[in-house]
Each structure stands twice: as structure tokens, then as C-alpha cells.
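Worksheet for the structure shown next.
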Amino acid sequence: MPKLPGLVKGLGVTLNTLVRTTTKGSNTIQYPHEKEAPPIRARGVIALREDNCTSCMLCARSCPDWCIYIEGHKELAPPRRAGGKPRQVNKLDRFDIDYALCMYCGICVEVCPFDALFWSPEYEYSEPHIADLLHDKNKLGEWMETVPEAPALEAGAEKKGKK
Amino acid sequence: MNALLAADLPYWAQSLLRVLGGIVAVLLPAGTIVYVFLFKMMSFMQSRLGPMEAGPYGSLQLVAEVGKWLQKEDITPERADRFIFKIAPLVVLASTFLLVAVVPFGPDAWFTNFEAGVFYMLAVSSVSVLGILIAGWASANKYSLLGGLRAAGQLIAYELPMVLAVIGVIIQAGTMNLQQIVVAQNAGSIFGWDGLGNPYILTQFVGFIIFMIAVQAELTQTPFDMPIAESELVSGYMTEYSGFRFLTFFIAEFATAGVFALIASVLFLGGWGIPFAWFDWSTIDSVDDWMNVVGPLIMVTKMMLLAFIIMWVRFSYPRFREDQLQRFAWKALVPISLVNIMVTAILKVAF
Amino acid sequence: MSSDAPVAEIPGDTLRQRIVDDLRSHLGADLIDSVVKPGDDVWVRVSASAWRETARVLRHEMGFDYFCFLSAIDWMPSPFGKGEDDPTAPPPERDDTIRQGYAGGDTRLQMLARVTSSVLHVGLNIKCDVADADATVDSWIPVYAGANWHERETHEMFGIVFAGHPDLRNMYLPTDFEGHPLRKDFPLLARMVKPWPGIVDVEPLPGGDNDEEGDAE
Amino acid sequence: MTSTESLIDRRQMAYIAAQASDARVNVELETEGMTLNIGPQHPATHGTLRIIARLDGEQVVWAEPSCGYMHRGYEKLTEVRTYPQVTALINRIDWLGSFANEVPFILAAEKLMEIEAPPRAQHIRTILFELSRIANVSLFLGDLGVQLGAVTPVFMAFRDREYVLNLIEAATGGRFHPNFDRIGGLKDDLPAGFVDETRVVMKKLRNFCDEIENLLFGNEIFQSRTRGIGVIPKDIALQYGLSGANLRASGVDWDLRRDQSLPMAWNKVDWKVWTHPDGDSFARCWIRLQEVRESTRIVDQLLDTIPSGPVMAKVPRIIKVPEGEAWVSTENPLGEMGYYVVSKGDLGPFRTKIRSASFNNISVVPWVMKGVYVPDIITILASLYFILGDIDR
């Protein structure tokens, strides 16, 4: 078979794509009308489970961008067992993540020893004003609804009880 | 139609009709080409859908775009040559309107019908070079200047092959009147067989290819888009234009594509006509009046076909370098078209 | 056009030791110190006066034709730490003794360069002391033309002058920039403009009695 | 100057003369030159690189890149960060193949700590490394078309690169900045279904390579634009420290994946190192096309042989790296990327020298751009392939 000139082959490629897009549909989706589901592990936004947080400051200290602000105070809580002493617990006053600074590295989620921070694949939270990207603890708590279960692992993986 | 355009109407009404017709004949193909090819075909060739929001399937996108451009500020660079800078896009657009004036759309549907039609067509098509050159110069921008100079060099280099390619057609038709060329193609026959008439794309195939290459260069479409060359010269001579003036350039670009496709269909594909043998017509006077309505439709079909090829090539190829283009024009196209003329002339005399 | 030639052997420690010996035979006493870390890499330290000569020997006599990088190290510990100090508290005590790394050294600033042999596929880290007073060393451009940009970068970042460099303009920083950012005494402003959020600690229980009771776990 | 120097000079002069002879019809026609600033904001510099070119007509008399419009000072930033924080940071150096940036740094730290990742982690690292190479270089192949005036290839590249990015995102959680590599292994294991999905995607990528080859590389216009343009001879390439495809296009048979022993899985599979003798723009582009194909082969083979086991070695929770110095470089999508890590036994590195590939690759530009035409500037820049973050760091 004689070699086709590259110019003709190139035309063939584009025509081929034209036909394929016409018959099989395009590779793009029309964003606001239809949405792609991000994978489970996608690092979209950080959710906070406030009950678990002991304001230990680990996340704020390990954040490379210094974008987590925590304030807390100590408080007396009713004893666990009847007749025991009242416990002293750390109560969270402020937990802010500044998403204008955050670089989505996930170190805070990893270092959290009490399972208070989670990744959610949610991504639609852009704001007209940059100051609104500072999410306070209520807003971070709302993201908890969108946190999915961790995915199953590929064959051969060592099972671990870690989150 | 015949009655409408004939002398029944006063002169001013005839003129008005022609002007309106001209505007439609320029803007309608331009809009169609932009939507069908630039927006949709290009997107589909790239596995995407293109504009989908404005109107059904994005069909009103062009209207939205025009609206956007009209709103934009009309910026003139501080050091630009203001007057020339401002008229440059109009000069380019004027060339398009002058071109469409000689294109026949039907046996009686024409704007002007004069003997040296081909000659006129080739002459006014180079007016756009002037516009581009002064746009490049007046912008006071190095990229624009380079783009303008490239455009001038390129358009001049490709005028010649275009002229030479058309000479073959002129020899074969024996006339420079575009209307007569259409008739000659449809009334003609290839070695006595007149089932298809004699569209010159068959007998003048080499000429057709050269003409289309030259058109591609004349329109500064890829692979000959060095004057605009987005990745090198930002936008070439159009860099400094914004708003309405950029829109004018844009319309001119695609309107000229449409008009050149029309002209190519007149010269090589038999224009508005269908082979006369089908209806036992012999001359232009015996053509039925309904061809004045069907003719333009046939023309538009052929135009879209040619515009498809122009755009298809545009979306598939990378661009040449300026010196390669010049070499290609002078060392390949000009000699080939000269040989083509010679062969055509010999055959013409022989048969 | 892919290569089917036998793959060169992955360099071993004997080869590395041989390279050091070879270099010593060329440079003599100008090769001050050398470290061969088994299974890892080679470091040599040469005297500042032999800096260009080392490059010449390596490239023309020993076949180290591939220029990898050239830079410098400031061995002084940063006086600012990680920028995580409490601005209200007195600055903490910091160890400010200068300890050089492999192959030793006497000065705070040291040149660091690496060249590789494209045939043997073995690399060599070269160090050289840079005097604190006039931080000047010879340029490598006559030997490795590619050192040009690296020396410009080192010049602006460390303030080391390269004698014989044709064009020591700033590579990255504005022309009128003052200071040499990669020197340790140049503060990192991003860590100075606001206090570390980690300084704040949980407020104690009102009443200050948290030492006495309620610490039940 | 030495004799080599003058030899290079002569070769360079001959090269300039060959290119100049086309344009200089008559010495008398020579005019005063013009200085053209290409960039910092220019479509061809994809980023903010600025090329100052002195032109004589359309011909370049000299050209010099001016960098620094995106300098972020990573070497300084690493000095105030802990090792995990540095990993998150250096993702951003070559943002198209970001996982590949993490690997040499992590390997250097592991070398200092004298630990090694478990085999499964090494395997998955290699897979993700090659995936990020594909993600990076496939965009190059598309972008190449745009630089040369063809609009369609870049959309094909974006289309098929998307599959790879989806894979990386599914495994690591980040499309561009995975931050998945940890000292001692990986953050997590692969999610279920990753292997099957990757096999499908690799097929698509090979198909993409064929399409690009037909659409672009086979095109006569493309060939006339790239063949013989920007020739870099072997000794110049080595002297300037060009690496990766740029070096192999000049005929140097050197690939760090093959030619050094790293705790990665490349030496466990069968693949080829491609070289090209020409050293011109076409050779560089062609090598990259072949490398994408090789990468798909590597990934395919690795998928078959992932060992089971843990993905994380035993490391302390708070990582302190013992005192020492280490240099590790790997064959990244852009070329040799290496980290010279100096540790003082602290939570973070004392000094990190980041040897990025593009910095060296672009430093040859003043040499190679003498006597070329303005469009060739774009061709050469495109074929040398730089990522601005990789130049400026």
C-alpha cells in the first residue's frame, strides 16, 4: 500500500473525530446542567466534626500555609461516671480555615489524632469576595454531610483499620 | 425576480435593492460560516460541542458575540496613527463588498454584470492588502508591524498564482464575464457528453487546486496564517484593535472567505447553474425564471462545500514559516500554473 | 533509533574511589578532603584557588562532560528559626555554631556543584570554601558554558562573585534588589508578617485552678 | 580560550551562516535592527517567560530569556518547613507532572534516614510517576500543535490527558498536586478498580499517540517547520546540562530511570530508551512521543505485577531526618530533576538545592537562537519544552 501523504492523513484524523463526535457524542459535559462526580478521595473541601475536636492545635501547627486559626478554652464537663469528678475539656471557640490561603495539601487531615477533620469532594464554594472564603466552624461542620465513606482498596492491599 | 430587477423600478429603488442584497450576500454567508464551521465543526473536530447556551444549540452565539464586541471600548493606542488606524478595518471590509458586486447568483440575479468581471475581481481583492498593511503600520506595535508586513508579502505572493490559475478558466471559457463563465460551464460538454455540463473543476483541476491554495493564503487561514500567527505575533495586525473595529476585521475575514468560496464555485463548479442539457436550455436567455430563486440556493450549497474544505484544512494543519511560504508560492505554484496555462492553451487550440 | 547497546554498568564504590584517586593525582594538595559514601555518592572539597582547574580536569581529562548544577550552601544556622516565634516573647536561644557537612570546610559559605559523566553514569559533588571577606571564586563558564545561569543565580542568592563571568546580572530578582535571599541571615518575610497561628494555646479554665483538680482523664 | 571553545564557536558560526544565507540576499539591504520583547505575557511562553530578541527583519540576531517573573523562592521556603510540608510544596515546581516532583525528594530523605519503601509502595510510586509523565508530555504534544499553528491537537491532548488526571485524582485525591508520597511509602493504597481503569486508559493514550502522529508528526508542514531547526550538538547539550528528551534527541543514550539504581520498579519491566541522532526540534518532539508510548508500556507491565503487602514502612510519627547530605535525581517528564538535601537532624531540611530540568534546558536558548527566524523562536521554545515553574522554582 502506498504511503499516504501526511497532509491527507491529518485531514483524516480531524474528519474521523468530527464523525465520532457527531455519532457518539462529545467528551465534554455541559457543566452547570450536568456534573461529573469527583472521585471519593478528591480533596475538595475540609469538613470538621466539632465534637471530636479537642483544640489540640496539631493541625494549626502543621499547616504549611498557616491558614488554620483555632481558639479554645477549657471548661468543666459533667463526669462520665456517676460520682466522679467533673472533667475538664477543651471547648472550641473558633476553628477557621482560610481557603484563600489553603493549598489543599491535606496535612491537617492526616495529623489529626482524633478524627475531627475529613476531606469532602465538594468543590462548588467559590465566592465573589475573597474574605468569604474563610470558613468558620459552623460552615466546616456543614460539609460533614458530604463526606463519603473511604473507598475499598485494590487487591493486594494490606487491610488497616485506619481511616 | 426578473420583473423586479428589470427597469420597471425607478433607479433609486433598484440601487437600494442592490445595496441591501449586497449586504445580505456578505453578512449571511459570513454568519453561516462562523456558526457552522468556526463554532460547530471546529468543536466537533475537537471532541467538544462548542457554544450551546445562546439559543438552540448555540445558534444565537454569534449575535451574543457581536453584542459583546459592540459594548467593548474602542481603544486607540496612544502612539497610533489615529486616522489611518481607524479606517483600516473599513478598507478591508470594503474590499469584500466590492468583491461580491460581480458575483452572479442567477440568470438575472446579479448586482453588476460587466465584461471584465474576472479582472475586476482580482483587482479589488488586493484592496484588502492595503487595509491590512496600514492596520499593521498604524498600530504602532512591533507585532502588528511584523504581521502587516508578513501579510503584505504573503498576499502579493499569492495574487500571482491566483491570477495565473484563473487564466486557464478564461482561456477555456473565452470570456472574462463571470456570468458568461457560468453559462459556458453549464452549457458546455466534455468531449461531447453534456450530462454534467463542463464544470472547470474537472478540466481545470490543477487550476482549481492552485486557486484554492491561493484563496487559503489570501484569506490568511492556516496553514498560511502567519500575519495573524497567534503563537508568534499575538494577533498580528489585529493585535491593537478592540470592540467594533476588531469585529469589522472579523466579519471581513469570514465574509471574504464566503465570497471567495462563491467566486471559486462560479469559476470552477458551475456557479448558480445546473447542467443546461437537463432542461434543454441552450443560452442564458432560455433559462427559466425560477432559476433566479433556485440559483442562489445552489450557489450557497456550493459555497458551503468549498468553505468546508477551507475550514477543514484550517483546523487540521500547522502553519508554514514566512520564507517557506514565499518559496512555495514562487518556486512551486507559479511554475505549475504557468505550465497549466500553456497546456490549456495548446488543448484549446487543438480541439 | 532506540539504543540496543549494552547498558552501562551501574557505578559501584570501587569506581567512585578510583575517581577520587584519579582526581587527587591531577590536583594534588588542592583536593582537600573527600568522602565516598558506600553505595551512594562522592563528595570532594577542593581549595578555592583550584576551583576552575578542578572543573577543567574533570571535563577534559576525566570525562565528566555533563554539567548538572552549581550552587552554594550557607552553613550558618538561621537566626530566625522557622519563623514560628512569639513576637511578644523574648527571642529563644539558638545554637549558632557553624557545622559544615560532608568533606568538611572552614567557611560559612561553600560552593557546591555537581558534574556527571555521561559515559560512566557516575556523578561527583564538588565543594569549595568561599572566603567570608571577599566572596569570590573563579567562574566555570570557560569550561562548562552551562554554568552561566547557575552562577548568576548563585550570585544573586548568596552574593558570591564569579571572577571572569561576563554578565553577573540578577537572574530572578529585580535589578535593585538588596540582600541575598538564600543567605540564612536574610529573613523570610512571609513568616514575619503575621504571627504563627500555632502560638495560640487553649485558654485555661477561669479561676486558674487547673493544677489542683479536674484533670481527670 | 581552549581549543574546544573555538571548535564550538566555529560550529555555531557555521550554523548561523547556514541559516542566515537564506535571508541575506544583499548586505546592502541590511537595516537597523529591532528589539522584540516576547513576553512576559505572550501566547507562546505559556507562563511568564520573557524572551528579548534582537531582530534583523524576521531574523534573530540574538535572543535571551529573562526569567524571574514567577520566582517563588522554593529553596528558601523549604528551609522553614518540615519534610511533609516540603512535599506539599514541591508539587508545584513542575505542575504538570507533579507527582514526579515528590519522588526524588522523598527518596533523598529516605536515603538519609536509611529506610526503604516496601515493594508495593515502590511499584505504585513508579506507576504514578509514569502516569504523571504521560499527563505532562501528552499536554506537550498538544501544545506543540498550538505553537506551530494547529489548533486541534491541543484539544485532543486535553481530552485524553483528562483520563490520566482522573486516574491520578482517584488514587491520590489531587488532580494536579497529589501530595501522595510520604517518607517511607505512600499515604494510602490504591482504590479498588484502579488497575482495570488504568489498563483502559493506557489503550486510549496509545490511540492518542497514533492520532497525534498522524495529525501532526506525519504532516509535511510540521516536518518542514521542525526538521533542522534549533540543532543542538551533543557536546553543547551535555555542557549546558540539558536532560531528558532534549539530551536524548542529541544522541546521548542516557536515562536516569535505567542508569542508576533507585528503589523504584523501572528495572523490573521491559522498556526502551529512545534516542535520535539529529538534535533538532523534530527529534526532541519525536522522542517525547515515543516516551509516552514507552510509559504506557511500563504502566501496563507494572499493573500486572503489583506485589501485595503494606504501602508504608515503619517510620516514626514525627519525622526527624538524621544529619547528612543526599542527592537524588530522577528522570522526570522534563528531564533530570534532583534534590540536594542537607539535613541537620531537624524536622525540616537545612538547605535544599532544587535542580530542575527546565532551568538548564532553557539556558541553552541564547546559544541556539542565533540566526533563526521569529517563528523558529517559538518552535525551539516549544520543542525544548519548559514549564515556567520549573525554571523559576
Dump the intermediate steps for side chain to side chain donor-acceptor pair (under 3.5 Å) on C/T107 and C/D132, then the final yes or no. CA-CA 7 Å; C/T107 51; C/D132 292 340; 5.2 Å; no
Under 4.0 Å between a side-chain nitrogen and a carboxylate oxygen: does that hold for D/R297 and D/E294? yes
What's the separation between atom [atom1] in [X] and atom [atom2] in [Y], rounded to the nearest 0.5 Å?
X: C/L182; Y: D/T352; atom1: CG; atom2: OG1; result: 10.0 Å
X: D/L334; Y: D/N360; atom1: CG; atom2: CG; result: 12.0 Å
X: D/C67; Y: D/L388; atom1: SG; atom2: CG; result: 7.5 Å
X: C/Q100; Y: C/L109; atom1: CD; atom2: CG; result: 10.0 Å
X: C/M62; Y: C/D22; atom1: CE; atom2: CG; result: 4.5 Å
X: D/W62; Y: D/R54; atom1: CH2; atom2: CZ; result: 7.5 Å

Side chains of C/S118 and C/D65: any donor to acceptor distance under 3.5 Å? yes
Between [X] and chain D, which part of the residue has a heavy atom less than 4.5 Å away: side chain, backbone, both or neither?
X: C/K184; result: both
X: C/W75; result: both
X: C/R114; result: side chain
X: C/N148; result: neither
X: C/N170; result: neither
X: C/R183; result: backbone

Which atoms of [X] approach chain C - backbone, side chain, both or neither, heavy atom under 4.5 Å:
X: D/K353; result: side chain
X: D/R248; result: neither
X: D/L247; result: side chain
X: D/E64; result: side chain
X: D/S329; result: neither
X: D/Y340; result: side chain
X: D/E79; result: both
X: D/E336; result: side chain

From CA spacing to verdict: salt bridge (Lys or Arg N to Asp or Glu O under 4.0 Å), D/R351, C/D74: CA-CA 8 Å; D/R351 159 132 173 80; C/D74 183 358; over 6 Å; no
Could you tell me which of [options] has the largest number of non-hydrogen atom pairs under 4.5 Å with chain C?
options: D/A237, D/P65, D/G241; value: D/G241
options: D/S243, D/S66, D/G68; value: D/G68
options: D/K344, D/K111, D/R355; value: D/R355
options: D/V252, D/V364, D/L242; value: D/L242

For chain D, find which of C/Y144, C/Y102, C/F67 contributes the most heavy-atom pairs closer than 4.5 angstrom. C/Y102
Between C/R169, C/E153, C/K37, the one whose heavy-atom pairs under 4.5 Å with chain D are most numerous: C/E153
Quick check: are there more than 12 heavy atoms from other residues, nucleotides or ligands sitting under 6.0 Å from CD1 of D/I318? no
Step by step, would you call D/W286 with D/W274 a ring pair (Phe, Tyr, Trp, His ring centres under 6.0 Å)? CA-CA 9 Å; D/W286 183 84; D/W274 293 85; 5.7 Å; yes
